Amino acid sequence: MPELPEVETIRRTLAQHVLNQTIDDVILRWPGAVRGWEAIPFEQGVRGRQILSIDRRGKYLLIHLDEDWTLLAHMRMTGRLNYYEEEREPEKHTHVVFKLSKGELHFTDTRKFGRILLVPTEQCTKHPSLCVLGPEPFDPNFTPKELGQRLKNRSVALKIALLDQKAVAGLGNIYADESLFLAGLSPERAANSLKPKELKALHAAIQKVLQAGIDSRGTSFRDYRDANGEKGSFQRSLQVYGRGGEKCTTCGKILVRKRLGGRTTVFCSHCQH
DNA sequence: CCTTATGCCTGAATGC
DNA sequence: TGCATTCAGGCATAAG
């Protein structure tokens, strides 16, 4: 599922192809995948626009168009944005086809959770889904102290606090479990119980795991592909995610798998406290 | 403010 | 073999 490293990889691979291209036409094969802006229908706002730049905030892609419009895209679980040089038959779950000046961009999403929103560029930072996000993990504002501030009122399990995007933006189930393992912290710890040393370890682990994920071009555990349709390779580096019942790579004890707040969580009860 | 529960979806895996 | 159930999970929304 696209988390920060996957969305960043999509951003980079997409930018290689679509920058400065014009969106000549949009075909909505399932209109539920998109949202227009107030009275302006999605197709009308997008048609004829040029793609100027692509940013990322947490797990959101911000595709900036001319005339001060931005496409705010979230892949959720199975969303994909694929670029093709040539005209291409849509797949079964391709919901939106952007016809570009050269080639096509297909939004495909089996589970139909992902969305592409049309938003005026100056409204982006005010948008409800973006303005609640915690700091970017690689922003200088994201410090162990800041992380502590954002966890101090949270009595929920640490893992749950990392998954909601308010403490830090971009972690999902995979990288939350991996970060906690690297930090040696139990996902069941109360989020507000961390000592300064532990906050420092968690902060460092989050940055290290996310950077390694980006360097591996993401985790293709199931559906994830970049804009070129290529898999990432971080699934080969996973220490805990998807490894419940297997041996801990550090101590050899069996990894625990349990549900925490409805989310499957895997950790080593010997190495994580 | 906080926390928990539910709905959105399809396909793979599992149970009987 | 076939049918029903469970699971995967990010986020918006509603309710407590």
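Chain A is the first sequence line, chain B the second, and so forth, proteins listed ahead of strands; every chain is numbered from 1. All values reported here derive from a predicted model rather than from experimental measurement.
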Q: Give Phe221(A) one of three labels, base, sugar-phosphate or nothing, depending on what nucleic acid heavy atoms sit under 4.0 Å from its own.
A: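 No contact.
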Q: Between atom CG in Leu171(A) and atom P in dG10(C), what is the gap in whole Å?
A: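 So the CG-P distance, Leu171(A) to dG10(C), works out to 10 Å.
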Q: Within the pair Arg154(A) and dT3(B), is there a side-chain N or O less than 4.0 Å away from OP1 or OP2?
A: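 True: Arg154(A) side-chain N/O within range (under 4.0 Å) of dT3(B) OP1/OP2.
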Q: Please determine whether a side-chain nitrogen or oxygen atom of Thr264(A) lies at a distance below 4.0 Å from atom OP1 or OP2 of dG9(C).
A: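 Yes, such a contact exists.
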Q: dG10(C) C1' sits how many Å from Leu133(A) CG, rounded?
A: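 It works out to 12 Å between those atoms.
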Q: Does dC7(C) have OP1 or OP2 under 4.0 Å away from a side-chain N or O of Arg111(A)?
A: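 Arg111(A) to dC7(C) OP1/OP2: no side-chain N or O under 4.0 Å.
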Q: Charged N to carboxylate O below 4.0 Å: is that the case for Arg88(A) and Glu104(A)?
A: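 No.
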Q: So, do Phe234(A) and Tyr175(A) have ring centers that fall under 6.0 Å from each other?
A: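 Yes.
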Q: Can you check whether Leu194(A) reaches Leu147(A) side chain to side chain, under 4.5 Å on heavy atoms?
A: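 No, their side chains stay 4.5 Å or more apart.
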Q: What is the separation between atom NE2 on His95(A) and atom P on dC8(B), rounded to the nearest whole Å?
A: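 Between P of dC8(B) and NE2 of His95(A): 16 Å.
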Q: Checking the side chain of Arg217(A) only, and the main-chain atoms of Ser233(A) only, is there a donor and an acceptor separated by less than 3.5 Å?
A: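 Looks like no, no N/O pair under 3.5 Å.
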Q: Of all the nucleotides listed (dG9(C), dT3(B), dC2(B)), which has the minimum atom distance to the side chain of Ser155(A)?
A: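 Output: dT3(B).
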Q: Do we see Phe113(A) stacking on the base of dC11(C), given a limit of 5.5 Å between centres and 30° between planes?
A: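 It does not: the ring fails the test against the base of dC11(C).
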Q: Can you check the His74(A) NE2 to dA12(C) C1' distance for me, whole Å?
A: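 My rounded result for the distance is 11 Å.
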Q: Can you tell me if His93(A) uses its side chain to pair, donor with acceptor, with the backbone of Lys112(A) under 3.5 Å?
A: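 No, the answer is negative, given that no donor and acceptor are paired below the 3.5 Å cut-off.
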Q: Can you check whether Tyr241(A) has a side-chain N or O nearer than 4.0 Å to OP1 or OP2 of dA8(C)?
A: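 Answer no for this pair, as no side-chain N or O of Tyr241(A) is under 4.0 Å from OP1 or OP2.
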Q: What integer distance in Å separates Leu61(A):CG from dC11(C):P?
A: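 Going from Leu61(A) (CG) to dC11(C) (P), I get 13 Å.
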Q: How many whole angstroms separate atom NZ of Lys166(A) from atom C1' of dG10(C)?
A: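 Computing the Lys166(A):NZ to dG10(C):C1' distance gives 12 Å.
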Q: Nearest nucleotide by nearest heavy atom, which residue falls closer to the 5' end of DNA chain C, Val132(A) or Gly262(A)?
A: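 The residue whose closest nucleotide sits nearer the 5' end is Gly262(A).
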Q: So Met77(A), base contact, sugar-phosphate only, or nothing? Heavy-atom distance under 4.0 Å.
A: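 The answer is base, as Met77(A) lies within the cut-off (heavy atoms under 4.0 Å) of a base atom.
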Q: Taking atom P of dC11(C) as reference, at what distance in whole Å does atom CG of Leu72(A) sit?
A: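 Rounded to whole Å, this separation is 12 Å.
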Q: Mind checking Tyr175(A) for me? I need base, sugar-phosphate or nothing, with any heavy atom below 4.0 Å counting as a touch.
A: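 Contact class for Tyr175(A): none.
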Q: When you check the phosphate oxygens OP1 and OP2 of dC11(C), does a side-chain N or O of Lys59(A) lie under 4.0 Å from one of them?
A: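 Checking Lys59(A) against dC11(C): at least one side-chain N or O falls below 4.0 Å of OP1 or OP2.
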Q: Answer yes or no: is there a donor N or O on one side and an acceptor on the other, between the side chain of Glu178(A) and the main chain of Tyr241(A), under 3.5 Å?
A: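 Yes; judged by distance alone, with no hydrogens or angles, the pair exists.
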Q: So which one's nearest nucleotide on DNA chain C is more toward 5', Tyr60(A) or Arg257(A)?
A: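 Counting from the 5' end, the first nearest nucleotide belongs to Arg257(A).
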Q: Nearest to the Gln165(A) side chain among dT4(B), dG9(C), dC11(C), which nucleotide is it?
A: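 The answer is dC11(C), which lies nearest to the side chain.
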Q: Taking it one step at a time, do Asp223(A) and Arg111(A) satisfy salt bridge (Lys or Arg N to Asp or Glu O under 4.0 Å)?
A: CA-CA 11 Å; Asp223(A) 308 274; Arg111(A) 305 274 291 278; 5.9 Å; no
Q: So what does Ser129(A) hit on the nucleic acid, given a heavy-atom distance under 4.0 Å: a base, only sugar-phosphate, or nothing?
A: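 Contact class for Ser129(A): sugar-phosphate only.
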Q: Strictly below 4.0 Å: does Lys92(A) bring a side-chain N or O up to OP1 or OP2 of dT10(B)?
A: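 So the side chain of Lys92(A) is outside the cut-off, no N or O lying under 4.0 Å from OP1 or OP2 of dT10(B).
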Q: By the 4.0 Å heavy-atom rule, please label Arg35(A) as base, sugar-phosphate, or nothing.
A: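 No contact.
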Q: Picking from dA8(C), dC2(B), dT10(B), which would you name as closest to the side chain of Arg222(A)?
A: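 Closest of the options to the side chain of Arg222(A): dA8(C).
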Q: If you count heavy atoms of other groups shown closer than 6.0 angstrom to CD of Glu87(A), is the number above 12?
A: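 Incorrect, the count does not exceed 12.
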Q: With respect to the side chain of Trp30(A), which nucleotide from dC11(C), dC9(B), dG9(C) is positioned closest?
A: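 Ranking dC11(C), dC9(B), dG9(C) by closest atom to the Trp30(A) side chain puts dC9(B) first.
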Q: Is the ring pair His17(A)/Tyr83(A) parallel, tilted or perpendicular, if the boundaries are 30 and 60 degrees?
A: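 Parallel.
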Q: In whole Å, what is the span from the CZ atom of Arg263(A) to the P atom of dA8(C)?
A: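 Computing the Arg263(A):CZ to dA8(C):P distance gives 12 Å.
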Q: Contact list please: residues 187-196 of chain A against DNA chain C, heavy atoms, distance less than 4.0 Å, in numerical order.
A: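 When residues 187-196 of chain A is checked for heavy atoms under 4.0 Å from DNA chain C, there are no hits whatsoever.
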